[in-house]
Amino acid sequence: MYHDAVTNFDMARLFYEMAHLLEVRGESAFRVRAYQRAAQQIESLAEDLAAVAARGELQTIPGIGKDLATRITEYLATGKIGQLEALRAEVPPNFLTLLEVRGLGPKTAKLLLERLGVDSVDRLEEACTSGEILTVAGIREKTCENILKGIAIWRAGRSRMLLARARDIARQVVAVLQAQAPVERIEIAGSLRRMRETVKDIDLLVTSTDPPRVIETFVALPSVLEVIGAGDTKASVHHTDGIQIDLRVVDPAAFGAALQYFTGAKDHNVRLREMASRRRLKISEYGVFDELTGNRVAGATEEEVYAAVGLPWIPPELRENGGEIEAALTGALPALITADRIRGDLHAHTDWSDGHHSLAKLIEAAEARGYEYILVSDHSKSSTVAGGLGADRLREQIRAVRELQPRYKIRILAGSECDILADGAMDFPPEVLGELDIVLAAVRTPT
DNA sequence: GTCTACTTAGACCGAGCCCTAGCGGGCTC
């Protein structure tokens, strides 16, 4: 069976792709929505889709009927979906990227493909800037302007990827390399290690007895879209999910120095180099060296590197030249907030509006994380698209929440006549939260 | 496409804005 390599995320992504392709084809909006809904369900599934399939229970997932269950089974067994392959063949390879441009929908995109051969964002931009797009009936200056704005937003968003997504990709690549390449040690470096909210690329550092084979395995991964460059100890590739990954194989004696160097941030490293210079030392990705003798005095571990310039090890999350060097020098580095110190969640939706899970599941998840409280903040009726609660349904939800007493201490923040709190709903004394298990509030979506 | 109420068919989220075309459709949230 193929399913060992299939993640719920992969399957959901394929269904989203099918929804887009069906939309471009002009299929029924309900059919399109069926694929989108199924993708959402799979994304929020608490267990491995393959396990559900193995039990023959795919059709117990809401939104998955006979047809979609068949598609899932086909993919798990073969790694392909015949219908998707056929749909893909109907449009150019990168055509769907056009739909990521805000302001450009499937119909307009298809029209531009047919009339002007617009098959990529670059080509779209060219058609807009040259004015060629204005020759297409139904498109005027204003639309052209909006599309150009959309392209600018698309480019800005594309240049960086959200941390969680980049981390998933990095972990997958690390896991495959550990399984398939002669890797002794492998670490994620760069802004991903610093846990920046968004990252531009993924940096991986490896030690190995056979560097060329690591590189060879890396560039041949199925998830690699394009190899930018590859040598004996270094390679850069474009991943299919739209992010660049750089991999370096380094000497174990310099691993700490390389990890420190490639973790950055740049300004933090500049400060370190200045401190080293004052001690007649030189720091590089290869180690810490005595300026006079050229001997390496540190490099195997990050702790060694920091100690060489008179500092304790500094957590990567703090390495932004934002006062962490001064704090380290005076022994005042802050303790980072760890997951076990998070006491509660102040913004949670349930399936009463657009959440994917029931109130019971939400509570279960909160308890599993050791939370002291959770705020149920479903949409109000002002957000119809999200299935927001009107007065009657809100009363029902309040009743459902109250039924959880006395096991949980509860505070209801919504008014009796659906007099829903404005966004200031979170503005109540934090000490109150400590006494509560569940708070219910319907928060108005800004309109 | 799925789901539901009934076994074959109909419902399925919708308001508001923008743009183009002259009334309706695309798009967003």
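Chain A is the first sequence line, chain B the second, and so forth, proteins listed ahead of strands; every chain is numbered from 1.
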Quickly work out the [X] [atom1] to [N] [atom2] distance and round it to whole Å.
| X | N | atom1 | atom2 | result |
| --- | --- | --- | --- | --- |
| Leu99(A) | dC27(B) | CG | P | 9 Å |
| Ile42(A) | dG1(B) | CD1 | C1' | 13 Å |
| Arg31(A) | dA11(B) | CZ | C1' | 18 Å |
| Glu100(A) | dT28(B) | CD | P | 12 Å |
| Asp67(A) | dT2(B) | CG | P | 5 Å |
| Gln36(A) | dC27(B) | CD | C1' | 13 Å |

Look at Arg37(A) and dC3(B) and indicate whether a side-chain polar atom (N or O) is within less than 4.0 Å of OP1 or OP2.
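For dC3(B), neither OP1 nor OP2 has a side-chain N or O of Arg37(A) closer than 4.0 Å.
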Indicate whether OP1 or OP2 belonging to dG1(B) is found under 4.0 Å from a side-chain N or O atom of Gln83(A).
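Affirmative; the distance criterion is met.
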On a whole-Å scale, what distance lies between the [atom1] atoms belonging to [N] and [M]?
| N | M | atom1 | value |
| --- | --- | --- | --- |
| dC27(B) | dT20(B) | P | 13 Å |
| dC6(B) | dG1(B) | P | 26 Å |
| dC12(B) | dC17(B) | C1' | 24 Å |
| dC13(B) | dC3(B) | P | 13 Å |
| dT8(B) | dA15(B) | P | 34 Å |
| dA11(B) | dG16(B) | C1' | 24 Å |

So what does Tyr35(A) touch, heavy atoms closer than 4.0 Å: a base, only the sugar-phosphate, or nothing?
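Answer is sugar-phosphate: Tyr35(A) comes under 4.0 Å of backbone atoms only.
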Heavy atoms only, 4.0 Å cut-off, all strands: where does Thr108(A) land among base, sugar-phosphate and nothing?
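Sugar-phosphate contact only - Thr108(A) comes under 4.0 Å of backbone atoms but never of a base.
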Under a 3.5 Å cut-off for both contacts, is dA5(B) paired Watson-Crick or G-U wobble with anything, and if yes, with which nucleotide?
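Result: dT8(B).
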Nucleotide paired to dC13(B) in any strand shown, Watson-Crick or G-U, under 3.5 Å
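dC13(B) is paired with nothing.
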Any luck finding a side-chain donor-acceptor pair between [X] and [Y] under 3.5 Å?
| X | Y | result |
| --- | --- | --- |
| Thr207(A) | Arg185(A) | no |
| Asn269(A) | Gln260(A) | yes |
| Ser120(A) | Asn94(A) | no |
| Tyr35(A) | Gln40(A) | no |

Nearest-nucleotide comparison on DNA chain B, the residue closer to the 5′ end among Arg71(A) and Cys144(A):
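Its nucleotide being nearer the 5' end, the pick is Arg71(A).
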Starting at the 5' end of DNA chain B, which residue's closest nucleotide do you reach first, Glu141(A) or Lys107(A)?
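Closer to the 5' end of DNA chain B: Glu141(A).
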Taking only N/O atoms, report every protein-nucleotides 16-19 of chain B pair under 3.5 Å with atom names and distance.
unit_1	atom_1	unit_2	atom_2	d
dC19(B)	OP1	Asn146(A)	ND2	2.9
dC19(B)	O3'	Thr143(A)	OG1	2.9

Cation-pi, Phe262(A) ring and Arg248(A) (6.0 angstrom, 45 degrees)
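Yes, Arg248(A) sits over the ring of Phe262(A).
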A side-chain contact here means heavy atoms from C-beta on lying under 4.5 Å apart; do Glu320(A) and Arg196(A) qualify?
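Yes, at least one pair of side-chain atoms sits under 4.5 Å.
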Once you round to the nearest 0.5 Å, how far does CD1 of Ile139(A) lie from OG1 of Thr108(A)?
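Answer rounded to 0.5 Å: 6.0 Å.
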